[in-house]
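Input: a single structure, listed below in structure tokens.
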2 protein chains.
Amino acid sequence: MLKYQNIAQKIYDSIYQQQLPKGSQLANIEELINQYQVSRTTIVKALARLERQGVIYQVQGSGIFVRQRKKSGYLNLATSHGFTDDLGDLPGFTQVLAFDVIRPNTEIQANLNCNSDEEIYYIKRLRYADGKIYGLEHSYYRKKLIPYLNKEIAKGSIFEYITQTGQINIGFSDKYIELLTIDESTARYLKLPVSSTALFMHEIFYTSAGEPFDFSTIIYHKDNAKFCVQSHAK
Amino acid sequence: MLKYQNIAQKIYDSIYQQQLPKGSQLANIEELINQYQVSRTTIVKALARLERQGVIYQVQGSGIFVRQRKKSGYLNLATSHGFTDDLGDLPGFTQVLAFDVIRPNTEIQANLNCNSDEEIYYIKRLRYADGKIYGLEHSYYRKKLIPYLNKEIAKGSIFEYITQTGQINIGFSDKYIELLTIDESTARYLKLPVSSTALFMHEIFYTSAGEPFDFSTIIYHKDNAKFCVQSHAK
């Protein structure tokens, strides 16, 4: 974790430990520099990060304020933490339906920017949140960038595992969303009628060095999955 | 527009005028300070803004790089520019179905943080993109914060109008998304069968001073509306 990320986390923790309501004013930049004993650049970057995460807003010439916290039970689309962390406030459960090492087809190659002979982990998982079926996920991870995964790890948070073991530093993600009609196999997993409409997400996650390491498609259960985006400033 | 926003726009324009492909390296921070003749803080804030917008990524100790540009035809959820600007690459058209000044009910009061006797513009619009029905929008604007709107303005981009006339400086937004079954009236507008599933968005836009000025609900056409989120860093 970089220094500004660490400071951002400390400010975040302090906001929620104190349960500051929306609109609460934080210390100003000078005070934060003193309090955390870091450079102005570190504080500016930490505040930019908290703005990006929808935690605070800065009013020119006036101060730094706390934003409305996101409603419980909504998956945050504007972060790149992975399912488990983004849904933090609901208890989750994951069923691993397939775990294999495969060679990528052309679609996977294009999305992961890799060759046909690269080894790829293919993981199919059924996600639950708050006891309900949340979504069916097909994920492709590059073994070159994530040397070790197993079925046990896939039952929990792969993102937590790969970041904590230092295999990957997550950088950013591209997510594309559309509504699709589900096929018979998906309908069975989601326990929905065939031809139901579902929200379909196509995601690519990149390392902080800009290399794609995870390509996933997720079909979300129309009644159980909800989303939010807390975005910032033009 | 603040100085760092102006610099961010200049860097953005330079990337797309040069048609730099993804992965292209930009000048480093020292060079950008020289090139634009602004302070380090301004450059750091401009770069944070471009990261937030999914335009660039910064690799510690290595440099600043161009991200993959979003695919055409997807509405960007991670910005707060309003429909017209977020969908920039598709030609749009707007039909104004209702334009009134009303007193807010309790739901509108809660979302706009206003009293029951405040005047509110209610605007109902049918949105088209690329010649197709895109969504049905119900919007509520606080007249207190936006003194002047009319039906003519509502045919175009209200966000462009209120920012260009200096009435509002847009700060940030909260967007909540879920799938719902549409009612008969909505089905008629969207030209879809009754009981179709649609993506339903509940948005609140805030000024840069943190005051909510626009509460909207939008029901998107399931076959025509697509979305993207280019998010950044844990």
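Scope of the values below: all heavy atoms of this structure, side chains included, with no hydrogens, waters or symmetry mates. Lettering follows sequence order; numbering is per chain, from 1.
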Self-check item: A/Tyr176: partners by ring pair (Phe, Tyr, Trp, His ring centres under 6.0 Å), with sequence neighbours left out
Solution: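 If we apply the ring pair (Phe, Tyr, Trp, His ring centres under 6.0 Å) test to A/Tyr176, skipping adjacent residues, the hits are B/Tyr74.
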
Exercise. For side-chain contact (heavy atoms from CB on, under 4.5 Å), just list the numbers for B/Leu77 and A/Lys175, CA-CA rounded to whole Å, side-chain angles, deciding distance to a tenth of an Å, and then say yes or no.
Key: CA-CA 10 Å; B/Leu77 294 179; A/Lys175 301 177 187 178; over 6 Å; no

Quiz prompt | Within-4.5 Å side-chain heavy-atom neighbours: A/Leu179 and B/Leu179 | solution = yes

Would you mind checking which part of [X] comes under 4.5 Å of any heavy atom in chain A, side chain (CB onward), backbone (N, CA, C, O), both or neither?
X       : answer
B/Ser62 : neither
B/Val44 : side chain
B/Leu2  : side chain

Quiz prompt | Partner chain A: residue of B/Ala209, B/Gly54, B/Ala225, B/Ala48 with the largest heavy-atom pair count (under 4.5 Å) | solution = B/Ala209

Quiz item: Which residue out of B/Leu47, B/Asp174, B/Val59 racks up the most heavy-atom pairs below 4.5 Å with chain A?
Solution: B/Asp174

In Å, rounded to the nearest 0.5 Å, how long is the span from [atom1] of [X] to [atom2] of [Y]?
X        : Y        : atom1 : atom2 : answer
A/Gln60  : B/Tyr4   : CD    : OH    : 7.0 Å
A/Thr181 : B/Asp223 : OG1   : CG    : 7.5 Å
B/Thr207 : A/Tyr57  : OG1   : OH    : 7.5 Å
A/Asn113 : B/Gln68  : CG    : CD    : 9.5 Å

Exercise. Would you please name every residue forming a side-chain contact (heavy atoms from CB on, under 4.5 Å) with A/Tyr12, sequence neighbours left out?
Key: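 Scan of A/Tyr12 (side-chain contact (heavy atoms from CB on, under 4.5 Å), adjacent residues dropped) gives A/Gln9, A/Tyr16, A/Leu50, A/Val55, A/Arg69.
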
Practice problem: Side chain from CB out, backbone as N, CA, C, O: work out which of these in A/Gln58 comes under 4.5 Å of a heavy atom of chain B, or both, or neither. | Solution: backbone

Quiz item: Residue by residue, which of residues 187-200 of chain B have a heavy atom closer than 4.5 Å to a heavy atom belonging to chain A?
Solution: B/Thr197, B/Ala198, B/Leu199

Quiz item: For chain A, which residues from residues 210-218 of chain B lie under 4.5 Å away (heavy-atom distances)?
Solution: B/Gly210

Self-check item: Within 6.0 angstrom of A/Glu184 CD, more than 12 heavy atoms from elsewhere
Solution: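 No, not enclosed.
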
Quiz prompt | Sidechain-backbone polar pair: A/Arg67 side chain, B/Ser173 backbone, donor-acceptor under 3.5 Å | solution =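 Judged by distance alone, yes, a pair lies under 3.5 Å.
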
